[in-house]
Structure formats: C-alpha cells, structure tokens
Amino acid sequence: MQNSGIEVLFEGSNFERLLGGLLVTIEISFLSIGIGTLLGILMGLLRTLGSRPLRFILRLYLETFRIIPILVWLYVVHFSFSPLLHIDISGEATSILVFSLWGAAEIGDLVRGALQSMPKHQVESARALGLSSSQLYRHILIPQAVRRMLPGMINLATRMIKTTSLVVLIGVIEVVKIGQQIIELGVIKAPTASFWVYGFIFILYFSVCFPLSRLSKKVESRWQN
Amino acid sequence: MNLDWEFIYESLPLYSEAMWLTVKLALLAIVFSLLIGLLFSIVLYYKVKIVSDVIKIYIELSRNTPLLVQLFFLYYGLPKIGIHFSEMTCAIVGMTFLGGSYMTEAFRGGFEAVSQSQIESGQSIGLSKLQLIRYVIFPQAFAISIPSLGANAIFLLKETSIVGAIALMDLMNVAKDLIGMHYKTAESLLLLVLAYLVLVLPLSLLLTWVERKVRYAEFGD
C-alpha cells in the first residue's frame, strides 16, 4: 500500500538527514558572516578614513556585488576557478568565498554608515573632556556604532541564510539536495513525497529566519533612540 | 587568455532570447507585486480585521523563506496534490509571492511616513475619506516609497536568475548548457555577466536619477 507521503519525513534517518543538510547551509552562512564581518570592518574603516581612489575602488566593489546576482557570482567562481587556476576547489569552498566577499561588501557599507552617522560634536565633547583616542573609541564611538549596525547585520544574516539555498545549484550537498535524494529514493513508495519534503524544507527555513527577523525588529525598536 | 569571438558571436541569439525571458518575467513579477503591495498596504493601513492578520502571516512566510524553496514547492510539490502550473506560471507565481511582501512593506513605510498633521489638516478642511487618500495621503506616500519600490524592483530582476532551477531556459541555464556542451567557460561566463550588467545597470542608474528627482520635489534642495 502507498503511504500518504508525510511518513517519508520520518522514515529511517530522513529527518536527521534533512536537519543535517540545514546545518550545512547554516555553517556556510555563519562562516561567511564571520569572515565577512572581519573584512567588512576593515573596509568600512577604509571607506571613511582611506584615500579617495581607495574609497572609489571599495565603492565599486560594493556596487558590483549589488548589481550582479549572487547566483552569477557562484557560477563564475565555480566554473572558472578550477580550469583557470588548475586547482580543485569544492562547491562549499566556492560558496564560502563568494558569500564572504559579498558579506564583506555589505558589512563594510553598514560600518561606514554607522561611523558617518555619528555626530561630530560627540568627538569634540569627548576631546574637551580629555579622553584619549582609545578611550574615545572604546567608550563612545564603538558602543554606538554597534547599536546602529546590529539590526542591519541581523537582516544581512537572514538574507545570507536564505541565499545559501542557492549553493545546491553548484553541487553542494545541503538541505535541498538531501530532500531531492529522499524524494528520488521514495519515488514508488511515496509518490507525493515532494510535496511534503519541500513543504518541510520551506518550514525549516522559516523557523531559522523568522526568529532572526523578529530579533532584528526588536533590537531596532529598542535602540531607536 | 584568448577568447573565441566566433563562439561568442554565435551564442548571442541564445543569450538574447534568455534575456527577453528574464525581462518578461521580471516585468510581470514587478507589476503583480506592485498591485499586491498597494492593495495589501491599504488593507494594513486601515487595519481591516482578520484580513490584516492573514496578510501579516503571508508577509512573514514570504520574507523568511528562500525563493528557490518556494519555486521547488510550487513546481515539484503542488502537482502531487493535484495543482499543476507550467514552468512560466510557477516562476511568475513564485516571484509575485516573494515580491508582493517586499512591495507591501515599501508602500506601508510610505503610508506611515505621511505626517499626522497633514491628515488632520485635510480632515479639518472637510475632505472626505476618499479625497483625503487621493489628494493628500497617496501622493506623498508614493513619493516616499519610490526609493524602496525601486530597490525591490532591482531585487526582483536579480532574483529571476533562480528560475533556471525549475527548467526555464534563462540566462543561467543557457550559460550552464554552453559550458557543459562546448567547454567555452570563459566566453559563456563573460556573456552571462555582461547580460546581467545590461539588464540591471540601466535600472539601477534610472533609480538613482528618479530618487534625486523625488527628493528635489519633496524638499526642494
């Protein structure tokens, strides 16, 4: 007898495998956010302090990421790196590279925005009070900049997690790919499996991203003033 | 690196066909999303009971899931319970599902930014509810929303790059096929990037220009 389809989610180790696939997605996103944050802070600082040509180049770098879709970036790196440089670079490494560079561009912009929005008189007042540069940064500028950046950073994290779903298209084994494998295996026994599996993956993504976007709204409204 | 120009020249028709598909898809998705956004934001603005709650749930579902998963669910999942769409319909429905929530939020931001004193002044000179919307609230809300509406339009245009995953012959699919069949990797990728530049860059420049015009109309500086 054919089963109704939803059972396919709980057969054997399917449930754990899907969650494991989601973990790959989350791993790629978090690694990229980590690397992107470090590079982004540097870029943000250079975009406020650096020389004019450098600022122009960094702006151009950001715009290229905003104009070319991320999937195109993934294709370009995936299809051109191995043949051009004669090194074998895995789908996961490609993804982390592309997402880190994207993250660095966007986080750089957030850092720049936060730094530039700081009123000048605060720096002057701090100087008048006799604070040293390191005190100025530690007690006045950095805490405020972080508050202004945090909602944007959480939003970016949600966007990255969602976009990471694309890495299946360059052959990374993540949650969508594992879903496809489960569907293919159960093609005779559970013909309606794709409805349940994709529905379940839909809910999986939602349950990761929804709390994050809630958090970002909360942070934003609490720290508005 | 030596590029095979003849190959590039011969592939141009394939790319232009795929670009045309992208333009069609993006235009339809943007127009439908704008309509949904306008309608839903008005419902939210007037806090219509129950309907507002349903719309809020839709917005969260649409914003917190990836388009790829939405498309797979529509294309591979729904037929199993008897709902069949063609690839193109799936793509339009999926992109509208995604874009509708973004456009709703953009319009809502505009509505909320119209200052209360404007609305009160309108009421005090005796404008009816409809007149108030038509002459006072909407024109201002629309002007305020334009930058985010434009950003969403660009976002949707770029998101069309994903429809190749449900077997539409879009730019990504054309590039992938050419790489697979002829191993002309550099040429295919160059054309792919150029195609997206040709599509997105003009819209992005137009948006910057419109934004400046709107700001000028609003504040006169």
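In what follows, chains are A, B, ... by sequence order, proteins preceding strands, each numbered from 1.
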Exercise. Show the numbers, then the answer: is there a salt bridge (charged side-chain N to carboxylate O under 4.0 Å, His left out) between B/Lys176 and B/Asp170?
Key: CA-CA 10 Å; B/Lys176 204 176 161 187; B/Asp170 77 322; over 6 Å; no
Does any N or O in the side chain of [X] come within less than 3.5 Å of the main-chain N or O of [Y], such that one atom is a donor and the other an acceptor?
| X | Y | result |
| --- | --- | --- |
| B/Asn64 | B/Glu60 | yes |
| B/Glu187 | B/Leu3 | no |
| B/Thr65 | A/Tyr205 | no |

Would you mind telling me which of [options] has the largest number of heavy-atom pairs within less than 4.5 Å of chain B?
| options | answer |
| --- | --- |
| A/Gly179, A/Ser207, A/Ser213 | A/Ser213 |
| A/Ile68, A/Ile161, A/Leu71 | A/Leu71 |
| A/Leu204, A/Val197, A/Val76, A/Ile70 | A/Val76 |

Compute the ring centroids of [X] and [Y], then answer whether they are less than 6.0 Å apart.
| X | Y | result |
| --- | --- | --- |
| B/Phe72 | A/Phe202 | no |
| B/Phe107 | B/Tyr45 | no |
| B/Phe73 | A/Phe195 | yes |
| B/Phe85 | B/Tyr75 | no |

Quiz item: How about A/Arg47 and A/Gln116: does a side-chain donor come under 3.5 Å of a side-chain acceptor?
Solution: no
Quiz prompt | Contacts with chain A made by residues 10-32 of chain B (heavy-atom distance under 4.5 Å), listed by residue number | solution = none
Which bit of [X] comes within less than 4.5 Å of chain B, counting heavy atoms only: side chain, backbone, both or neither?
| X | result |
| --- | --- |
| A/Thr158 | side chain |
| A/Gln180 | side chain |
| A/Val176 | side chain |
| A/Val168 | side chain |
| A/Arg214 | side chain |

Quiz item: Where does B/Leu61 contact chain A at under 4.5 Å (heavy atoms): side chain, backbone, both or neither?
Solution: both
Quiz item: Using non-hydrogen atoms only, which part of B/Ile162 is less than 4.5 Å away from chain A: side chain, backbone, both, or neither?
Solution: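 B/Ile162 touches chain A through backbone and side-chain heavy atoms alike.
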Exercise. Just give me the residue among B/Val200, B/Leu67, B/Leu189 that pairs up with chain A most often, heavy atom to heavy atom, under 4.5 Å.
Key: B/Leu189
Exercise. Please assess A/Lys177 against A/Glu174 for the test salt bridge (charged side-chain N to carboxylate O under 4.0 Å, His left out), listing each intermediate value before the final yes or no.
Key: CA-CA 5 Å; A/Lys177 187 75 213 169; A/Glu174 43 71 86; over 6 Å; no
Quiz prompt | Closest non-hydrogen atom pair between A/Leu9 and A/Asn14, with its separation | solution = O-CB, 3.6 Å
